[in-house]
Chemist: 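Here it is, the structure in full.
The basis for the numbers below is simple: all heavy atoms, side chains too, and nothing from hydrogens, waters or symmetry mates.
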Amino acid sequence: MSIQETIRKISFFNNLNDEQIDLIASISSVSTYCNNSILYYESDTNNSLLFLVEGLIKIYKVDKFDNEIFLYHIYKNSMISELSSIKQNDIYCFSNAEFIDDSTILSINFEKFQEHFLSKNILTVELMEVLLEKTHQLQCIVNRELVFDATAKVAFMLNQDIDMFNKLKRQEVSFMLHIQPETLSRVLKRLTRNGVIQIDNGNVIISNKEELISIFRGVGV
C-alpha cells in the first residue's frame, strides 16, 4: 500500500485533492508497531502529528505509587497527538501511549504541516473538530473519575463503548473503571434485574438504552 493510500484511509484528510494528498505524503512516514510496544511516554516531546491508521492504543498515566491510571482508548482512523498549541513545532506528550493491538501509525512533520496547510487555512476546521472531541473526552474522564459512582461508570462505558466492554475480561473492565471486580459484578446483576441490560454468553446487550443513559445523565454531564 502506498503512503497516499494510507493517508486516504484517514477521514481527517477526506477533503484534500490528489495534489494535496501527495504533499502530505512528501512530509510523512508510515510505521508499524507490535502489540504491547510503547509509542511514547509522558513528558516526551516530538515534532510529528500522529494518526492511528490501524490498531488500538491505550492512553494512561502513572501515579506516584506507580499505579497505572487508565484514561481512554484510541481507535483506528483517529488523531493521536494531544496538541496544546499550533504555534509551536514541538508536541508535548501528556500521558503514556501503549499499543494493545498490532498497529500502523502515520507521522506527519508538524512544522511543514503548519507551513503548507494550517497557515493557508487548509484542514484547520478538521483540526478544530478533533481538538474539540478531545476536550469532550477529557470532560468525560473528569466525570468518570471524580463525579460518577460505580453504577454511573459502568452505565457510561456500556453506552459509549459496549464493544470494548464485551471484548475485555471483567477484571480488565473493573481495572479501567477503578472499581472492584465484585462491585462490577453487583452493578451488572442490578442492571440485569432492572431490565436495563441482558447478558448472553458473557456479552452484555442493552435492553433499555434510555434507562441506561438516565443513570449517568445529569451526573456531571
Side-chain angles (χ1 to χ4, degrees), residues 11-12 39 42 51-52 54-65 67-84 93-101 103 128-221:
S11 58
F12 184 87
L39 177 60
E42 183 175 357
F51 289 84
L52 181 61
E54 296 286 348
L56 185 63
I57 293 176
K58 175 178 67 175
I59 301 297
Y60 66 96
K61 296 179 78 71
V62 176
D63 67 17
K64 62 182 179 180
F65 303 109
N67 296 311
E68 182 180 304
I69 302 173
F70 169 78
L71 298 179
Y72 56 91
H73 287 111
I74 296 177
Y75 298 90
K76 67 179 182 179
N77 187 24
S78 300
M79 190 176 84
I80 302 168
S81 302
E82 302 166 323
L83 296 181
S84 57
C93 301
F94 296 97
S95 50
N96 307 286
E98 178 183 347
F99 295 100
I100 54 178
D101 278 339
S103 302
M128 185 180 300
E129 285 293 329
V130 170
L131 296 179
L132 288 173
E133 288 175 6
K134 286 184 174 290
T135 299
H136 179 258
Q137 190 171 46
L138 177 60
Q139 293 170 343
C140 291
I141 293 171
V142 170
N143 285 331
R144 188 188 71 201
E145 297 303 314
L146 302 178
V147 181
F148 288 169
D149 61 12
T151 303
K153 287 182 178 183
V154 175
F156 186 78
M157 183 174 181
L158 288 174
N159 182 66
Q160 296 294 111
D161 201 354
I162 191 169
D163 290 339
M164 179 58 68
F165 189 98
N166 287 327
K167 178 180 179 180
L168 297 172
K169 297 178 181 178
R170 294 289 188 260
Q171 186 171 359
E172 293 174 312
V173 172
S174 61
F175 175 77
M176 285 172 49
L177 297 179
H178 307 131
I179 60 178
Q180 294 299 316
E182 298 81 5
T183 302
L184 175 59
S185 179
R186 286 196 298 271
V187 169
L188 292 176
K189 288 178 180 177
R190 187 182 310 120
L191 294 176
T192 302
R193 187 169 58 249
N194 293 341
V196 179
I197 64 171
Q198 303 176 48
I199 298 180
D200 183 16
N201 292 325
N203 288 329
V204 173
I205 302 170
I206 299 173
S207 303
N208 190 332
K209 193 172 183 67
E210 289 186 2
E211 181 64 25
L212 182 74
I213 293 173
S214 72
I215 293 172
F216 61 83
R217 178 181 288 164
V219 186
V221 293

Chemist: Report the distance from atom CG of N203 to atom CG of N166, rounding to the nearest 0.5 Å.
Modeler: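 Separation between the atoms: 4.0 Å.
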
Chemist: Has T192 got a side-chain atom pairing as donor or acceptor with L188's backbone, closer than 3.5 angstrom?
Modeler: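 Here the side-chain-to-backbone pair exists.
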
Chemist: Heavy atoms, side chains only, cut-off 4.5 Å: are E133 and M79 in contact?
Modeler: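 Side chain of E133 against side chain of M79, heavy atoms only: no contact under 4.5 Å found.
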
Chemist: Less than 4.5 Å apart, any side-chain heavy atom of L191 and any of L158?
Modeler: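 The answer is yes, as the side chains (C-beta and beyond) meet within the 4.5 Å cut-off.
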
Chemist: Please assess R170 against F175 for the test side-chain contact (heavy atoms from CB on, under 4.5 Å), listing each intermediate value before the final yes or no.
Modeler: CA-CA 9 Å; R170 294 289 188 260; F175 175 77; over 6 Å; no

Chemist: So how far is it from H178 NE2 to N67 CG, rounded to the nearest 0.5 Å?
Modeler: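 It comes to 9.0 Å.
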
Chemist: Once you round to the nearest 0.5 Å, how far does CD1 of I69 lie from OG of S95?
Modeler: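 Between atom CD1 of I69 and atom OG of S95 there are 11.5 Å.
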
Chemist: Which of parallel (below 30°), tilted (30 to 60°) and perpendicular (above 60°) describes F156 and F216?
Modeler: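 Plane angle over 60°, so perpendicular.
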
Chemist: Please determine if E82 and K134 form a salt bridge, counting it only when a charged side-chain N lies under 4.0 Å from a carboxylate O.
Modeler: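 Looking at K134 together with E82, the answer is no, because their closest N to O distance does not fall below 4.0 Å.
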
Chemist: Does the pair K167/D101 count as a salt bridge with the N-to-O cut at 4.0 Å?
Modeler: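 Result for this pair is yes, salt bridge flagged.
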
Chemist: Hey, could you give me the CG/CZ distance between L138 and F94, rounded to the nearest 0.5 Å?
Modeler: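 If we round to the nearest 0.5 Å, L138:CG and F94:CZ are 10.5 Å apart.
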
Chemist: Could you measure the distance from the CD1 atom of I74 to the CD1 atom of I80? Nearest 0.5 Å is fine.
Modeler: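 So the CD1 of I74 and the CD1 of I80 are separated by 5.5 Å.
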
Chemist: Any non-hydrogen side-chain atom of L56 less than 4.5 Å from a side-chain atom of F99?
Modeler: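 No - every pair of side-chain heavy atoms lies 4.5 Å or more apart.
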
Chemist: Has D63 got a side-chain atom pairing as donor or acceptor with F65's backbone, closer than 3.5 angstrom?
Modeler: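 Pair found, side chain donor or acceptor close to backbone of F65.
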
Chemist: Taking the six-membered ring for Trp, are F70 and H73 parallel (under 30°), tilted (30 to 60°) or perpendicular (over 60°)?
Modeler: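 The arrangement is tilted - the two ring planes meet at 30° to 60°.
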
Chemist: Could you pull out the closest heavy-atom pair between N208 and G195, with the gap in Å?
Modeler: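 In terms of heavy atoms, the two residues are closest at CB-O, 3.9 Å.
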
Chemist: Indicate yes or no: at least one non-hydrogen side-chain atom of L184 is less than 4.5 angstrom from one of Q171.
Modeler: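 They are not in side-chain contact.
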
Chemist: Looking only at atom types and distance, does a side-chain atom of S174 sit under 3.5 Å from a main-chain N or O of Q180, one as donor and one as acceptor?
Modeler: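 Checked: no pair found.
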
Chemist: Please examine the side chains of Q160 and R144, heavy atoms only from C-beta on, and report whether any two atoms are closer than 4.5 Å.
Modeler: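 The answer is no; the side chains never approach within 4.5 Å.
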
Chemist: Of the options I215, V187, V204, N159, which is the one that meets V154 in a side-chain contact (heavy atoms from CB on, under 4.5 Å)?
Modeler: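 With V154 as partner, I215, V187, V204, N159 yield a single side-chain contact (heavy atoms from CB on, under 4.5 Å), made by V187.
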
Chemist: I need the full list of salt bridge (charged side-chain N to carboxylate O under 4.0 Å, His left out) pairs touching residues 179-198, with sequence neighbours left out, sorted by first then second residue.
Modeler: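 Residue pairs passing salt bridge (charged side-chain N to carboxylate O under 4.0 Å, His left out), neighbours aside: none found.
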
Chemist: Counting C-beta onward and ignoring hydrogens, is there a side-chain heavy-atom pair between K61 and L71 closer than 4.5 Å?
Modeler: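 Yes - at least one pair of side-chain heavy atoms lies under 4.5 Å apart.
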
Chemist: Taking the side chain as every heavy atom from C-beta outward, state whether N194 and E211 have any pair of such atoms under 4.5 Å apart.
Modeler: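 N194 does not reach E211 side chain to side chain.
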
Chemist: Can you measure from CE (M157) to CG (L212) and round to the nearest 0.5 angstrom?
Modeler: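 Result: 12.5 Å between the selected atoms.
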
